[in-house]
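Note that the structure is predicted; figures quoted are calculated from it, not measured. Here, residue 1 is the first one in the sequence, and each next residue gets the next number.
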Amino acid sequence: MRTYVITGGTDGMGKGLALRLLGRGDRVIAVADGAPKGRLLLAEAERLAAADRTVFVRADLSTLAGMRAALAEIATVTDSVDGLVFGAQRFRPRREETEDGFEFTFALVYLSRYVLGHGLVPALERAEAPVIVNIAGPGGLPGVVHWDDLQLREGYRGRRAAMQSSRCNDLLGVDFPRRHPGARTRYVLYNPGFVRTSMADPLPWHQRLLTKSLATVFAQSVEKAIPPILRLLDRPPAESVTAFMRGRPLPLDGEDFDPGRARRLREVTSRLLGADAAGARH
């Protein structure tokens with residue numbers, strides 16, 4: 001029996017993956033904010049006779065307090081993690097700021113992966129073949145890191161925020177083995193492509209209708225999107241960091257995977273996380 005931590009594990013791809021892992025006899029620690037969806041996951045786990053192998057950690061991963069609380073609670077239920085899957089995402093058409101003063105998408109989609117990924121390294125290193133799978137957007141829609149305005153206070157658009165977070169995650173993956181030299185944990189950046197999930201729910205009704213209509217025709221189901229991720233969890237790549245687009249390997253070249261830019265982002269992130277909430281706003 002292996003132990004997997006899945007952020008966003010009560011909805012969409014995270015939930016689908018959690019149920020597949022539970023169904024084959026593994027243990028799952030699902031981290032998410034919504035209690036109702038957490039209860040639904042626990043009920044489905046019970047129907048799979050997997051209630052004793054399912055843990056729901058309720059935490060708001062858009063806040064630093066929530067990230068730290070998740071790490072603390074995970075530590076109380078396991079000292080070893082075979083796989084960490086980052087699936088927590090939530091589209092915001094309008095700019096929102098967290099209690100720490102960070103733009104919401106930057107906090108949830110990038111900062112939580114930074115904090116949990118580095119924070120769980122000791123538990124991962126105790127496993128036989130540890131792996132982190134960061135479900136992000138390598139090789140997908142273009143985007144840039146707005147170094148002078150990471151919190152997107154000027155010209156915010158939901159897609160712009162999402163694409164910036166994807167590029168930040170590319171750099172996070174590239175920097176991971178440099179932050180943890182000699183670690184056995186493999187870091188995988190994975191883009192599943194267009195998948196039918198609830199990501200469009202926060203959109204205005206007309207955009208939501210269009211997106212869901214397109215998804216019906218062009219997107220793959222959660223069930224079809226999961227097997228490539230399972231294969232990566234079961235047989236992590238030999239390389240310390242890799243990237244895939246719907247199962248197809250991507251070259252780690254160009255600006256998106258530049259080690260110098262990755263180091264710069266790590267230094268900026270370290271300063272942000274070292275600042276208090278008031279300082280993070282400036």
Side-chain angles (χ1 to χ4, degrees), residues 5-12 14-15 29-39 41 55-77 84-120 134-137 143 145-169 171-172 197-204 265-282:
V5 174
I6 306 175
T7 71
T10 63
D11 196 15
K15 181 180 180 181
I29 302 169
V31 185
D33 186 30
K37 290 184 178 180
R39 288 192 293 269
L41 175 67
V55 178
F56 169 52
V57 174
R58 186 180 182 187
D60 180 356
L61 294 180
S62 72
T63 69
L64 297 181
M67 300 171 206
R68 292 164 183 154
L71 283 173
E73 190 165 347
I74 291 167
T76 67
V77 295
L84 169 59
V85 180
F86 290 127
Q89 298 191 45
R90 196 67 176 170
F91 187 81
R92 285 292 186 266
R94 296 180 181 83
R95 187 179 185 276
E96 295 180 21
E97 210 169 82
T98 70
E99 64 185 42
D100 305 298
F102 298 120
E103 187 273 314
F104 178 89
T105 303
F106 181 83
L108 176 66
V109 182
Y110 166 64
L111 281 184
S112 72
R113 286 158 161 79
Y114 181 99
V115 172
L116 269 67
H118 293 312
L120 286 173
N134 188 339
I135 301 176
V145 179
H146 301 274
W147 297 103
D148 296 328
D149 186 19
L150 284 174
Q151 308 311 319
L152 299 181
R153 294 182 177 86
E154 301 294 331
Y156 177 88
R157 293 189 301 277
R159 177 175 164 177
R160 192 181 191 205
M163 293 304 97
Q164 171 176 258
S165 292
S166 287
R167 300 293 75 77
C168 286
N169 278 303
L171 297 175
L172 174 61
T197 67
S198 60
M199 277 285 289
D201 288 354
L203 292 171
L265 182 61
R266 182 218 309 166
E267 292 169 352
V268 170
T269 304
S270 181
R271 289 196 296 271
L272 287 174
L273 294 175
D276 59 20
R281 293 186 175 91
H282 302 290

#### Entry: Check against side-chain contact (heavy atoms from CB on, under 4.5 Å), I74 and V31
CA-CA 9 Å; I74 291 167; V31 185; 4.2 Å; yes
### Message
Go through it in stages, so that I can follow the logic: the residues are V85 and I135, the test is side-chain contact (heavy atoms from CB on, under 4.5 Å), and I'd like the CA-CA distance, side-chain angles, deciding distance and then a yes or no.
### Response
CA-CA 7 Å; V85 180; I135 301 176; 3.9 Å; yes
### Query
Passes side-chain contact (heavy atoms from CB on, under 4.5 Å), L61 versus F86? Steps please.
CA-CA 11 Å; L61 294 180; F86 290 127; over 6 Å; no
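Across every non-hydrogen atom of P93 and Y156, the tightest pair is O-CE2, 3.7 Å. Across all non-hydrogen atoms, the minimal contact from A32 to T10 is CB-OG1, 3.4 Å. Closest non-hydrogen pair, G66 versus A59, comes out as O-CB, 3.6 Å. Shortest non-hydrogen contact noted between A136 and S166 is C-OG, 4.5 Å. Contact between S165 and V109 at its shortest, heavy atoms only, is CB-CG1, 3.7 Å. Residues A65 and E99 come closest through the heavy atom pair CB-OE2, 4.3 Å.
Residues M67 and Y114 are not in side-chain contact: their nearest non-hydrogen atoms beyond the backbone lie 4.5 Å or more apart. Using a 4.5 Å heavy-atom threshold, the side chains of D100 and L111 count as separate. Residues L265 and L172 fail the side-chain proximity criterion, which asks for heavy atoms closer than 4.5 Å. At a threshold of 4.5 Å between non-hydrogen side-chain atoms, the residues L41 and K37 do not count as touching.
In this structure, the side chain of R113 does not engage the main chain of N169 through any donor-acceptor pair within 3.5 Å. Side chain of R58 to main chain of G38: no donor-acceptor pair is present (N/O by atom type, distance under 3.5 Å, no hydrogens or angles). No side-chain donor-acceptor contact under 3.5 Å links S270 to the backbone of R266. Within the 3.5 Å criterion, the main-chain N or O of L150 finds a donor-acceptor partner in the side chain of Q164. A distance-only check finds a donor-acceptor pair linking the side chain of T7 to the backbone of A88 [under 3.5 Å]. Side chain of R167 to main chain of G137: a donor-acceptor pair is present (N/O by atom type, distance under 3.5 Å, no hydrogens or angles). Side-chain atoms of Q151 come within 3.5 Å of backbone atoms of E103 as a donor-acceptor pair (strictly under, hydrogens ignored).
One finds the CG atom of L64 at 7.0 Å from the OG1 atom of T98 (value rounded to the nearest 0.5 Å). Taken to the nearest 0.5 Å, the OG atom of S62 stands 12.0 Å off from the CZ atom of R90. Rounded to the nearest 0.5 Å, atoms CG (N134) and CG (L116) are 11.5 Å apart. The CG atom of L120 lies 5.0 Å from the CG atom of L71; values are rounded to the nearest 0.5 Å.
Classification of E97 and R95 as a salt-bridged pair holds, one side-chain N sitting under 4.0 Å from a carboxylate O.
Between F106 and Y110, the angle of the ring planes lies from 30° to 60°, which puts this pair in the tilted group.
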